[in-house]
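Here the structure is laid out as structure tokens; the discussion comes afterwards.
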There are 2 protein chains.
Amino acid sequence: MTPEALQQLGQRIGQLRRQRHWSLSHLAERAGLAKSSLSRLEQGNANPTLDTLWRLAIQLEVPFAELIIDDPAPLDEGGVTARLIERGRGTPVVEAWWMQCRPHACRRAEAHGAGIREHASVISGRLLVGSEGEERQLGPGEHCDFAADRRHLYRGDDEGATFLLTIVYPQRPL
Amino acid sequence: MTPEALQQLGQRIGQLRRQRHWSLSHLAERAGLAKSSLSRLEQGNANPTLDTLWRLAIQLEVPFAELIIDDPAPLDEGGVTARLIERGRGTPVVEAWWMQCRPHACRRAEAHGAGIREHASVISGRLLVGSEGEERQLGPGEHCDFAADRRHLYRGDDEGATFLLTIVYPQRPL
DNA sequence: GCCTCGCGTTCTTTATATCGAACGATGCGA
DNA sequence: TCGCATCGTTCGATATAAAGAACGCGAGGC
């Protein structure tokens, strides 16, 4: 087991923990671990047993494999990070993306194929989004639809923004 | 970690080993383990460290996840699986969930706190969703908003459904 | 100011996963 | 037959993962 992989694992656990706004002590208690063990693990110098990882996966509500496997490198353009969550297999084809704009980051996207629409739903921060000339300002809990077969953009404000994006392809792409 | 899961893991490793016509000693040597350790592991009374599993996965040439028969623990009620993707830290607080309804599964949710709204966005399958009495049928790429401070439900049809759900809390919960 | 609490880290101690040696069983050739 | 492999198991010794106590730090409250 490489040190880098252990490091990654630790970071991943810490990330999932913070997403839930849990303190290290809290997660340790929920999982029935000593917080010292969890601390070492998150720092990346530990070689945890299966049981330990299992307990954490249960509490964090993630499939076990997700803790270890490094997810495909999220692509990042101009301060906007995108990670594919899911791609449907029905008709129309729909993709779900987890998106994050760093503060003041702005991404201008070229027109996609005809008929493609997108739908953005903000989780935190404020986001300017939409077809060029018809952008809308969205806050947490707000969402909007727009046509993606024209130039469009995503822009975070002072605090950046985290949002879900679904892309709807009118017929099977490619 | 349940004894059954450990048992399963051991059987799985033994199975993969025998598929390759390797003796226990041989695999142990290749992986740099004591054969006693491997023996105990295959019998299902061991709690291996991540490093140990890692070495075995490499020698057996299987993705790590394949060793652990995936028995994840996202919360699951009545055939509806939910996994938290992200929780915002702004105001209002917004949670993003990845949801999956098995075919014909139906989940009736009680009223949440006052003012809470939800927003569902379908990735694949067809979903009946909404406040009780005002349900809507959604297909891939469609979405809708509804009040969650009343009884509401999620129901997949013949093929089940995968969708994103955002929950918007008017003020900080708890 | 002081006190208390919860945070995450770093120690020491304890439990246990791994190791290495020895074992009985089985197969095979001399 | 015996002798010598190799198999998988079991045992005591050792390395180390996890537990538990103590630490320094920062945020409130009085």
Side-chain angles (χ1 to χ4, degrees), chain A residues 1-60 62 64-65 67-68, chain B residues 1-60 62 64 67-69 73 87 89-91 93 171-174:
Chain A
M1 187 99 196
T2 70
E4 304 83 61
L6 286 174
Q7 199 90 24
Q8 264 195 335
L9 171 64
Q11 288 177 4
R12 180 113 188 85
I13 290 174
Q15 177 189 348
L16 289 168
R17 171 172 68 78
R18 280 184 290 271
Q19 269 183 16
R20 286 155 183 71
H21 298 169
W22 289 350
S23 70
L24 186 147
S25 316
H26 182 221
L27 175 56
E29 189 181 3
R30 287 182 74 113
L33 300 178
K35 58 178 178 172
S36 54
S37 308
L38 181 54
S39 177
R40 268 169 45 89
L41 178 52
E42 288 196 3
Q43 290 173 64
N45 28 347
N47 176 18
T49 62
L50 188 52
D51 183 62
T52 299
L53 288 175
W54 191 271
R55 292 163 181 232
L56 287 172
I58 288 175
Q59 292 306 319
L60 293 170
V62 293
F64 187 92
L67 283 187
I68 296 127
Chain B
M1 183 102 196
T2 70
E4 304 83 62
L6 286 174
Q7 201 91 24
Q8 267 194 332
L9 172 64
Q11 289 176 6
R12 181 108 189 87
I13 290 174
Q15 179 189 346
L16 289 168
R17 173 172 67 79
R18 278 183 291 272
Q19 274 178 14
R20 286 157 182 71
H21 303 288
W22 288 350
S23 71
L24 187 148
S25 315
H26 182 221
L27 174 57
E29 191 182 1
R30 286 182 75 115
L33 300 178
K35 57 180 181 173
S36 55
S37 308
L38 182 53
S39 177
R40 267 169 47 89
L41 177 52
E42 287 195 5
Q43 290 171 65
N45 30 351
N47 176 17
T49 62
L50 188 53
D51 183 62
T52 299
L53 288 176
W54 191 270
R55 292 162 181 234
L56 288 171
I58 288 175
Q59 292 307 320
L60 293 169
V62 292
F64 195 96
L67 283 187
I68 289 96
I69 302 175
R87 175 178 286 142
R89 50 189 89 244
T91 310
V93 171
Q171 65 271 345
R172 271 199 127 47
L174 303 184

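Just so we're on the same page: letters track the sequence lines, and every chain starts at 1. The structure presented is a predicted model; accordingly, all values stated were derived computationally and were not measured.
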Atom [atom1] of [X] and atom [atom2] of [N]: how far apart are they, to the nearest Å?
X: B:Glu29; N: D:dC7; atom1: CD; atom2: C1'; value: 14 Å
X: A:Leu24; N: C:dT10; atom1: CG; atom2: P; value: 12 Å
X: A:Leu27; N: C:dG8; atom1: CG; atom2: C1'; value: 13 Å
X: A:Arg55; N: D:dA19; atom1: CZ; atom2: P; value: 7 Å
X: A:Asn47; N: C:dC19; atom1: CG; atom2: P; value: 11 Å
X: B:Leu50; N: D:dA17; atom1: CG; atom2: P; value: 11 Å
X: A:Asn45; N: C:dT10; atom1: CG; atom2: P; value: 9 Å
X: B:Gln11; N: D:dG8; atom1: CD; atom2: P; value: 16 Å

When you check the phosphate oxygens OP1 and OP2 of [N], does a side-chain N or O of [X] lie under 4.0 Å from one of them?
X: B:Arg40; N: D:dT10; answer: no
X: A:Thr52; N: D:dA18; answer: yes
X: A:Gln43; N: C:dG8; answer: no
X: A:Ser39; N: C:dT9; answer: yes
X: A:Thr49; N: D:dA18; answer: yes

If we ignore angles and hydrogens, is there a donor and acceptor under 3.5 Å between the side chains of B:Thr52 and B:Thr49? yes
Taking the side chain as everything from C-beta on, heavy atoms only, tell me whether [X] gets closer than 4.5 Å to [Y].
X: A:Glu42; Y: A:Arg17; value: yes
X: B:Leu9; Y: A:Leu50; value: yes
X: A:Leu56; Y: A:Leu38; value: yes

Using a strict threshold of under 4.0 Å (side-chain N to carboxylate O), is an ion pair present between A:Glu29 and A:Lys35?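 No, A:Lys35 and A:Glu29 are not salt-bridged.
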By the 4.0 Å heavy-atom rule, please label B:Gly32 as base, sugar-phosphate, or nothing. sugar-phosphate
Which of the following nucleotides, C:dT18, C:dG8, D:dA18, is nearest to the side chain of A:Ser25?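 When the side chain of A:Ser25 is considered, C:dG8 is the closest of C:dT18, C:dG8, D:dA18.
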Which atom of B:Gln7 lies closest to which atom of B:Gln43, heavy atoms considered: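 Smallest heavy-atom distance, with atoms named: NE2-O, 3.6 Å.
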Which atom of A:Leu6 lies closest to which atom of A:Gly44, heavy atoms considered: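 Reported closest heavy-atom pair: CB-O, 3.6 Å.
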Scan nucleotides 20-24 of chain D against the protein and return all N/O pairs shorter than 3.5 Å with their distances rounded to 0.1 Å.
from, atom 1, to, atom 2, distance (Å)
D:dG20, N7, A:Ser36, OG, 3.3
D:dG20, O6, A:Ser36, OG, 2.8

Residue whose nearest DNA chain C nucleotide is more 5′ - A:Arg17 or B:Leu38: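 Result: A:Arg17.
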